[in-house]
Amino acid sequence: MAGTGLFSEILDGEAYKYYADGEWKKSSSGKLVPIINPTTRKVHYKVQACTQEEVNKVMETAKIAQKSWAKTPLWKRAELLHKAASILKEHKAPIAESLVKEIAKPAKDAVTEVVRSGDLVSYCAEEGVRILGEGKFLVSDSFPGNDRTKYCLTSKIPLGVVLAIPPFNYPVNLAVSKIAPALIAGNSLVLKPPTQGAVSCLHMVHCFHLAGFPKGLISCVTGKGSEIGDFLTMHPGVNCISFTGGDTGIAISKKAGMIPLQMELGGKDACIVLEDADLDLVAANIIKGGFSYSGQRCTAVKVVLVMESVADALVEKVNKRVAKLTVGPPEENSDITPVVSESSANFIEDNVRPDMRIAWEEPFGPVLPVIRITSVEEGIHHCNASNFGLQGCVFTKDINKAILIGDAMETGTVQINSAPARGPDHFPFQGIKDSGIGSQGITNSINMMTKIKTTVINLPTPSYSMG
Ligand SMILES: NC(=O)C1=CN([C@@H]2O[C@H](COP(=O)(O)OP(=O)(O)OC[C@H]3O[C@@H](n4cnc5c(N)ncnc54)[C@H](OP(=O)(O)O)[C@@H]3O)[C@@H](O)[C@H]2O)C=CC1
Ligand SMILES: O=C(O)[C@H](O)COP(=O)(O)O
């Protein structure tokens, strides 16, 4: 059970503690932030409202801890990550339970999120050993006018302190997708979890604590983003921000200083359906893509652009499947569970007007507009007129058409004959336009959380290795 057994250390009475300097602590603010269970609409957990002084302290210790962590052998960093991954998977039950209570994720999917997160951490450890273990060697005489008198050695070095801010919908997975690459690359990590999802994150962080990472290397400060968010993102001690969420990310990128940013923001993923598509396959993917976790996925199918001649048949197939979706509590693995907050529910209900905003905005709920198109160009035009550009998908049996349409869609990824999805977690994942900056996915995140350092050996005379 959450907060018991191995996890009792992270709980103080009714409130969860925050994590700093290798210890679980109560905030000096004396203030607690309530976490509402979306199903009962009652306060289910409470977390600390950390102060600016506590953030300052965390940044200080993160900076110190990073210096010695960067000198820790790569194999040892990987070993600790593997250990954390296995503890995480071993203790999936209490973490999944928190996900169910905090964000109403269906119980089975909650377990999947934790297991997927453990796998991500292990894969990241292995990938880090491979890609950080090698650098480049360049010689100068390949550039016109130069003799072979310069040997240039390049390697990837850590950035310093990485600030990780995940969203509510995958609090554990989207936290470890930032934590693991940061750590394997020799950075320290400050996590600000989403308020809804904070307790799941605190349990996950405890797994890293139990794995034995050095003090101060990982910290987790809780509190409302609206209260401590700006202080964190504009903190001079932060050397990189990895953020996943909504428009908040656009504001952060305008306020952040001269530091690398990884922004994974919203999407309005379009599903283009041609006349020759397998409509049963399309309908199944629309259901999976549009309604899993009640549509609260950045990669959810958010608008269907279907050729008029097959639109009625597709809508009929989709409707039949929608009618079979179960609505109920996450504990019972219902297909449609309560959305994360009352304001989110109100937004979904009040703002959806079939003629206007739903065609462009992200409802983040189980709502799906279907627009009939008369040409492929019309579909591409609608897709590209969006200010988002995360993913999109196209359904057709004609691979040549699929490639042409995919190339024309202004999105970070196009899926052919399947709904949009971020995973598997080692695939590159990126949005263009308002959907993000940079690219995620294990390899890209490791690279993004490093910088290149070069050392040039200057020789007095040209030298050629002859074997
Ligand atoms: N492209 C992608 O990979 C993904 C994108 N998303 C997008 O995320 C959105 C839904 O997630 P949601 O959690 O509601 O997103 P939000 O942008 O509201 O919040 C994301 C995170 O930012 C924090 N935050 C809030 N205000 C600030 C601030 N001023 N400074 C720093 N951090 C702040 C939040 O904390 P707190 O909870 O305390 O407010 C939370 O941890 C959707 O738009 C969705 O498309 C979601 C998942 C993946
Ligand atoms: O938050 C999201 O929506 C995720 O990044 C999407 O992940 P998924 O495609 O694996 O559900």
Side-chain angles (χ1 to χ4, degrees), residues 33-36 47 49-50 55 102-103 105 109 112-113 116-117 120 163-175 177-178 190-198 201 220-235 238 241-256 262-269 288-290 292-302 339-341 343-344 347 361-365 388-391 393 411-413 415 418-425 427 429-441 445:
V33 180
I35 295 173
I36 312 288
V47 293
C50 291
V55 169
E102 288 184 289
I103 60 163
K105 183 161 278 198
D109 296 346
T112 305
E113 177 171 346
R116 170 184 180 179
S117 301
L120 189 161
L163 173 64
I165 307 183
F168 80 84
N169 63 344
Y170 282 91
V172 174
N173 185 261
L174 285 170
S177 73
K178 303 168 190 319
V190 176
L191 173 67
K192 147 64 188 116
T195 295
Q196 299 290 141
C201 279
C220 184
V221 286
T222 49
K224 284 190 188 163
S226 53
E227 285 169 16
I228 55 163
D230 283 355
F231 191 73
L232 275 160
T233 53
M234 293 197 280
H235 200 284
V238 172
I241 301 175
S242 178
F243 175 92
T244 307
D247 287 352
T248 320
I250 297 177
I252 292 174
S253 62
K254 287 182 181 148
K255 288 183 226 162
Q262 187 179 44
M263 293 280 158
E264 294 294 343
L265 311 181
K268 184 75 185 176
D269 294 7
K288 186 175 115 211
S292 54
Y293 189 37
S294 308
Q296 298 172 111
R297 294 166 58 240
C298 59
T299 49
V301 170
K302 295 191 183 114
V339 291
V340 72
S341 63
S343 61
S344 177
F347 173 73
E361 293 184 9
E362 192 187 33
F364 233 57
F388 290 120
L390 190 60
Q391 290 206 2
C393 59
T411 59
T413 302
Q415 304 269 351
S418 185
R422 173 166 51 101
D425 288 336
F427 280 13
F429 181 56
Q430 55 282 316
I432 57 175
K433 299 195 265 185
D434 284 355
S435 289
I437 301 174
S439 177
Q440 270 195 152
S445 291

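Counting convention: from 1, in listed order, for ligands and their atoms alike.
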Visitor: Report, in ascending order of atom number, the atoms of ligand 1 lying under 4.0 Å from any heavy atom of Gly229.
Guide: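 Here the atoms of ligand 1 in question are 28 (C), 30 (N), 31 (C).
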
Visitor: Is the closest heavy atom of Arg116 to ligand 2 under 4.0 Å?
Guide: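 Right, Arg116 reaches ligand 2.
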
Visitor: Ligand 2 and Arg422, any nitrogen or oxygen pair closer than 3.5 angstrom?
Guide: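 Yes, since at least one N or O of Arg422 sits under 3.5 Å from an N or O of ligand 2.
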
Visitor: Does Thr244 come within less than 4.0 angstrom of ligand 2, counting non-hydrogen atoms of the residue?
Guide: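 Checking ligand 2 against Thr244, which is what was asked, there is no heavy-atom contact under 4.0 Å.
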
Visitor: Select the closest option to atom 21 (C) of ligand 1 among Gly245, Ala164, Pro193, Pro166, judged by heavy-atom distance.
Guide: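 The residue whose heavy atom sits nearest atom 21 (C) of ligand 1 is Pro166.
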
Visitor: Please enumerate all residues that pass side chain to side chain contact (heavy atoms under 4.5 Å, CB included) together with Ala419, with sequence neighbours excluded.
Guide: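 Once residues adjacent in sequence are excluded, the partners of Ala419 under the side chain to side chain contact (heavy atoms under 4.5 Å, CB included) criterion are Asn285, Val301.
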
Visitor: May I ask you to list the atoms of ligand 1 that are less than 4.0 angstrom from any heavy atom of Leu265?
Guide: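 Going through ligand 1 atom by atom, the ones under 4.0 Å from Leu265 are 1 (N), 2 (C), 4 (C), 5 (C).
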
Visitor: Can you sort out which atoms of ligand 1 are near Asp230, meaning under 4.0 Å from one of its heavy atoms?
Guide: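 Selected atoms, number and element: 29 (N), 30 (N).
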
Visitor: Suppose I only count heavy atoms of Lys224 and a 4.0 Å limit; which atoms of ligand 1 are within that range?
Guide: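 Taking each heavy atom of Lys224 in turn, ligand 1 has 38 (O) under 4.0 Å.
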
Visitor: Assess, by modelled atom type and distance only, whether the side chains of Thr244 and Lys178 contain a donor and an acceptor separated by less than 3.5 Å.
Guide: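 Thr244 vs Lys178: donor-acceptor pair found between side chains.
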
Visitor: Numbering the atoms of ligand 1 from 1, which are under 4.0 Å from a heavy atom of Gly223?
Guide: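 Counting atoms of ligand 1 from 1, those under 4.0 Å from Gly223 are 38 (O).
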
Visitor: Return yes or no for this condition: an N or O of Thr233 is under 3.5 Å from an N or O of ligand 1.
Guide: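 No, no N or O pair falls under 3.5 Å.
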
Visitor: Pick, from Cys298, Gly245, Ala421, Pro171, the option with the minimum heavy-atom distance to atom 3 (O) of ligand 2.
Guide: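 Result: the heavy atom closest to atom 3 (O) of ligand 2 is in Cys298.
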
Visitor: Should you measure from each heavy atom of Thr244, which atoms of ligand 1 turn up under 4.0 Å away?
Guide: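 What qualifies from ligand 1 is 2 (C), 3 (O), 4 (C), 5 (C), 20 (C), 47 (C), 48 (C).
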
Visitor: Looking at Leu174, which atoms of ligand 1 are within less than 4.0 Å of one of its heavy atoms?
Guide: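 Answer for ligand 1: 47 (C), 48 (C).
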
